[in-house]
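Below: one structure, written as structure tokens.
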Amino acid sequence: MTTQIASATITLYTRPGCPGCRMSKQVLERNGVEFESRDVSEDADALAAIQTLGYTSLPVVVAGLEHWSGYQPDRLQALSA
């Protein structure tokens, strides 16, 4: 990953009971990555944000201009570089 992504603001969009969301959060925390977690079940603006990006499943990670859906440990670990 580029330095731009590593230094970007990272937002993790989640909901309760989502295994991929829980695992994504654990990877970020274990690697010391600072991030904001937004629960789409309680935050209508967060839900609208991921829908605008075209996502219908969680988790969604937004890191600067990069974003993706689903549990992707390699991409999450690269954010700590």
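For reference, positions follow the sequence shown, starting with 1.
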Review point. Could you walk me through whether V61 and F35 pass the side-chain contact (heavy atoms from CB on, under 4.5 Å) check?
Key: CA-CA 10 Å; V61 177; F35 66 97; over 6 Å; no

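S69 contributes a side-chain N or O that, together with a main-chain N or O of S57, makes up a donor-acceptor pair within less than 3.5 Å. Judged by distance alone, with hydrogens and angles left aside, the side-chain atoms of Y13 form no donor-acceptor pair with the main-chain N or O of A49 at under 3.5 Å.
Between R15 and D39 there is a side-chain heavy-atom pair separated by less than 4.5 Å.
Cluster annotation: Y55 and L58 are assigned to the same hydrophobic cluster (Ile/Leu/Val/Met/Phe/Trp/Tyr, side-chain heavy-atom contacts under 4.5 Å, transitive). When the side chains of ILVMFWY residues are joined at heavy-atom separations under 4.5 Å, either directly or via intervening members, M23 and V60 end up in two distinct hydrophobic clusters. L12 and L47 fall into different hydrophobic clusters, defined by Ile, Leu, Val, Met, Phe, Trp and Tyr side-chain heavy atoms under 4.5 Å apart, directly or through other members. Hydrophobic clustering (side-chain heavy atoms under 4.5 Å, transitive across Ile, Leu, Val, Met, Phe, Trp, Tyr) keeps V62 apart from L76.
Taken to the nearest 0.5 Å, the CD atom of E36 stands 11.5 Å off from the CD1 atom of I10. Between the CD atom in Q72 and the CD atom in Q77 there is a gap of 12.0 Å [rounded to 0.5 Å]. Going from atom CG of D45 over to atom CD1 of I50 covers 12.0 Å, rounded to the nearest 0.5 Å. A distance of 6.5 Å separates CG of L28 from CG of L79, quoted to the nearest 0.5 Å. Once rounded to the nearest 0.5 Å, the distance linking CZ of R22 with NZ of K25 reads 11.0 Å. Rounding to the nearest 0.5 Å gives a distance of 7.0 Å between CZ of R38 and OG1 of T11.
Each of S24, P59, S41 was compared with C18 under the side chain to side chain contact (heavy atoms under 4.5 Å, CB included) criterion, and only P59 meets it.
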